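Have a look at the structure below before the remarks.
Predicted, not measured: the structure shown is a model, and the values here were computed from it. Each residue takes its place number in the sequence, starting with 1.
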Amino acid sequence: MDQERAMKLYLNGATAFFLDIQSGMEFGIDMMSWATGDKFKGIKMIPPGIHFVYYSATDKYGNTAPRCGFFHGFKKGECLVKKWDTTNEILIDVPRLEIVQYKTNTLYFDDCLGPYPYEELSKWNGLSSLLTENLIHKLCPETKLIRSAMELFPTSVKENTKKRRKWGPIRSETDVGYEQLPNLVPKEENKIRFTEPPECHYPPGSSLSEITKYSLDTSYILDYMAEKHDSKIDLLAELQFSYVCFLLGLSYESFERWKKLFQLFCMSKDAIAQDQNFFAKFFIAVRHQLETIPEEGFLVDIVENNNVIYNGLKELFRTLETCDFILEDDLKDGTIQIKRFLQQKFGWEFNGLDEEDDDEAPVVVDCTEDTF
């Protein structure tokens with residue numbers, strides 16, 4: 001990077017100080033992470049906008065603690081200062097006076113600040129294009145921290161004092177002792193506040209035929225959840241939020257929510273005709289997410305073996321191919337592009353969508369006396 005561009009990024013970008021960070025800790029922002037050194041005090045030249053900072057403490061034996069992270073909307077020229085809390089192993093805020101001191105002396109600490117990884121910025125922008133500070137404030141836990149492993153607590157004091165089963169071999173299925181285990185849940189302030197679906201998947205007062213229809217078409221659920229947001233596009237932004245929390249925050253809870261939202265979009269048949277532009281944006285968001293799947297790891301196994309993504313997109317493509325309305329150019333182009341991408345990255349083909357799958361075809365039963 002030439003000196004002139006670096007200076008421009010430095011002046012327009014934000015600076016984040018992370019004080020008292022131990023050496024060897026895993027530390028990252030957006031799509032890049034490092035092992036901290038002795039001189040590390042933070043990151044400079046952070047482009048204005050929403051970013052995700054995450055870290056994992058390490059002990060003297062090199063063991064890594066569960067990951068913890070937070071979203072922050074950086075302003076032009078902002079100076080963020082946080083300090084390491086050794087007891088709780090999290091970053092905490094510092095007094096305003098200390099922030100002013102570091103902002104005034106930023107150049108003095110220049111050698112201790114790592115530059116933002118601009119080579120990964122386009123990937124991050126693709127994953128976070130719809131996120132807003134209002135949405136993040138709404139979805140994040142009260143603590144504002146995204147944890148890969150939340151501390152669990154019993155739902156009552158009595159449950160915490162239940163006796164364990166006696167030591168010894170298990171002699172029967174009823175001797176396992178599960179009923180004596182306490183019911184553990186995370187603290188309310190640590191929970192991510194995802195948008196909840198309606199209790200029923202169909203509108204109140206639906207007839208039997210309508211109940212059957214809404215079992216196959218999730219448009220009602222999509223509209224219900226969208227109404228919980230300021231804008232319908234925020235529900236698509238929640239898909240981005242949950243994916244980032246899983247990919248970078250290593251939150252399995254977020255991955256489960258991402259899968260449900262993904263399937264919700266793919267099965268919302270009537271909603272496509274109502275807002276084709278929304279589903280064109282869905283294809284763009286999903287493509288950016290699938291582009292960031294690492295070559296090895298947990299998510300790859302799920303993509304290849306569980307087929308949640310393949311089956312969902314197959315159903316969505318089938319709806320688009322057999323619909324009785326004209327596809328708009330943006331949705332038509334988006335469908336072609338994502339099909340091409342999926343074929344190149346995963347080798348997936350989506351041919352013969354108008355034909356029934358073998359496991360979905362009607363089953364012919366010979367109703368003779370021998371059958372019963």
Side-chain angles (χ1 to χ4, degrees), residues 129-132 134-136 138-141 191-246 251-290 302-303 306-325 327-328 330-331 334-335 338 353 357 359-360:
S129 59
L130 302 175
L131 297 182
T132 64
N134 286 340
L135 179 75
I136 288 172
K138 179 180 180 180
L139 297 179
C140 276
K191 292 181 181 179
I192 300 176
R193 295 173 289 190
F194 289 118
T195 306
E196 293 302 326
E199 293 184 4
C200 292
H201 63 265
Y202 51 86
S206 295
S207 63
L208 291 178
S209 60
E210 289 174 332
I211 292 175
T212 301
K213 166 185 163 57
Y214 287 110
S215 297
L216 303 173
D217 182 350
T218 58
S219 296
Y220 167 71
I221 303 176
L222 179 72
D223 291 338
Y224 177 94
M225 294 177 68
E227 289 177 358
K228 301 295 182 180
H229 288 287
D230 296 333
S231 170
K232 185 177 180 179
I233 203 68
D234 283 348
L235 188 59
L236 190 52
E238 188 169 337
L239 182 80
Q240 289 189 335
F241 176 89
S242 58
Y243 185 81
V244 168
C245 289
F246 167 68
S251 166
Y252 184 76
E253 172 196 10
S254 298
F255 178 67
E256 288 298 310
R257 178 52 59 113
W258 178 82
K259 283 196 301 182
K260 291 178 180 178
L261 285 173
F262 179 85
Q263 292 171 309
L264 173 67
F265 292 129
C266 290
M267 296 294 292
S268 296
K269 301 177 182 179
D270 284 350
I272 300 174
Q274 299 169 7
D275 192 348
Q276 294 192 35
N277 182 56
F278 179 82
F279 284 87
K281 291 180 179 178
F282 168 72
F283 279 145
I284 294 173
V286 168
R287 177 172 176 175
H288 282 299
Q289 291 173 348
L290 298 183
I302 290 179
V303 169
N306 199 337
N307 289 327
V308 170
I309 300 174
Y310 175 82
N311 289 333
L313 289 175
K314 183 177 181 180
E315 187 62 32
L316 180 53
F317 292 150
R318 176 182 291 163
T319 300
L320 295 174
E321 196 168 289
T322 59
C323 65
D324 56 0
F325 53 86
L327 294 183
E328 297 174 0
D330 287 346
L331 183 54
T335 305
I338 196 169
L353 296 175
D357 297 332
D359 57 349
E360 296 177 350

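For the pair D330 (side chain) and N277 (backbone), a donor-acceptor distance under 3.5 Å is absent. Without hydrogens or angle criteria, Q276 side chain to E328 main chain gives a donor-acceptor distance under 3.5 Å. Remark: side-chain polar atoms of D270 are not paired, donor with acceptor, to backbone N or O of D217 under 3.5 angstrom. Between the side chain of S206 and the backbone N or O of I211, no donor-acceptor pair lies under 3.5 Å. Judged purely by atom type and a 3.5 angstrom limit, Q289 has no side-chain atom pairing as donor or acceptor with the backbone of Y243.
Using a 4.5 Å heavy-atom cutoff, the side chains of H229 and K138 are in contact. A 4.5 Å side-chain heavy-atom check between I221 and M225 finds at least one atom pair inside the cut-off. Residues R257 and I192 form no side-chain contact, since every pair of their non-hydrogen atoms from C-beta on lies 4.5 Å or further apart. Counting heavy atoms from C-beta outward, I272 and L316 have side chains that approach closer than 4.5 Å. With a 4.5 Å cut-off on side-chain heavy atoms, F241 and S254 do not count as touching.
Taking CD from E315 and OG from S268, the interatomic distance works out to 11.0 Å, rounded to the nearest 0.5 Å. Taken to the nearest 0.5 Å, the OG atom of S231 stands 9.0 Å off from the CZ atom of F278. Put simply, OH on Y224 and SG on C200 are 10.0 Å apart, with the number rounded to the nearest 0.5 Å. If you take CG on L239 and NZ on K260, they are separated by 14.0 Å, rounding to the nearest 0.5 Å. Taking CG from N311 and CD from Q263, the interatomic distance works out to 9.0 Å, rounded to the nearest 0.5 Å.
Taking both residues in full, the closest heavy atoms of F246 and S251 are given as CD1-O, 3.5 Å, listed atom of the first, atom of the second, then distance. Scanning all heavy atoms of the two residues, the minimum distance from T319 to K269 falls at OG1-CG, 3.7 Å. Nearest heavy-atom pair across Q240 and A285 is NE2-CB, 4.1 Å. The minimum heavy-atom distance linking L331 with L327 is given by the pair CD2-CD2, 4.0 Å.
Ring geometry for F262 versus F282: interplanar angle of 30 to 60°, hence tilted. In this structure, F279 and F265 have perpendicular ring planes: the angle between them is above 60°, well past the 30° mark.
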Between R318 and E321, is the salt bridge (charged side-chain N to carboxylate O under 4.0 Å, His left out) condition met? List the steps.
CA-CA 5 Å; R318 176 182 291 163; E321 196 168 289; over 6 Å; no
Run the numbers on F283 and F317 for ring-ring contact (aromatic ring centres under 6.0 Å, His included), then give the verdict.
CA-CA 11 Å; F283 279 145; F317 292 150; 5.8 Å; yes
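Of the candidates L236, L235, L222, T195, L235 is the only one forming a side-chain contact (heavy atoms from CB on, under 4.5 Å) with L261.
In this structure, a donor-acceptor pair under 3.5 Å is absent between the side chains of T218 and H201. Between the side chains of N134 and T132, not a single donor N or O lies within less than 3.5 Å of an accepting N or O.
Contact check on K213 versus E210 returns no salt bridge, with no Lys/Arg side-chain nitrogen under 4.0 Å from an Asp/Glu carboxylate oxygen. The existence of a salt bridge linking K259 and E256 is confirmed by a sub-4.0 Å separation between a basic side-chain nitrogen and an acidic carboxylate oxygen.
You'll find the ring centres of Y214 and Y202 outside the 6.0 Å limit.
Around NZ of K232, the count of heavy atoms belonging to other residues, nucleotides or ligands within 6.0 Å exceeds 12. Counted within 6.0 Å of CG on L208, heavy atoms from surrounding residues, nucleotides or ligands total 12 or fewer; the atom is thus considered open.
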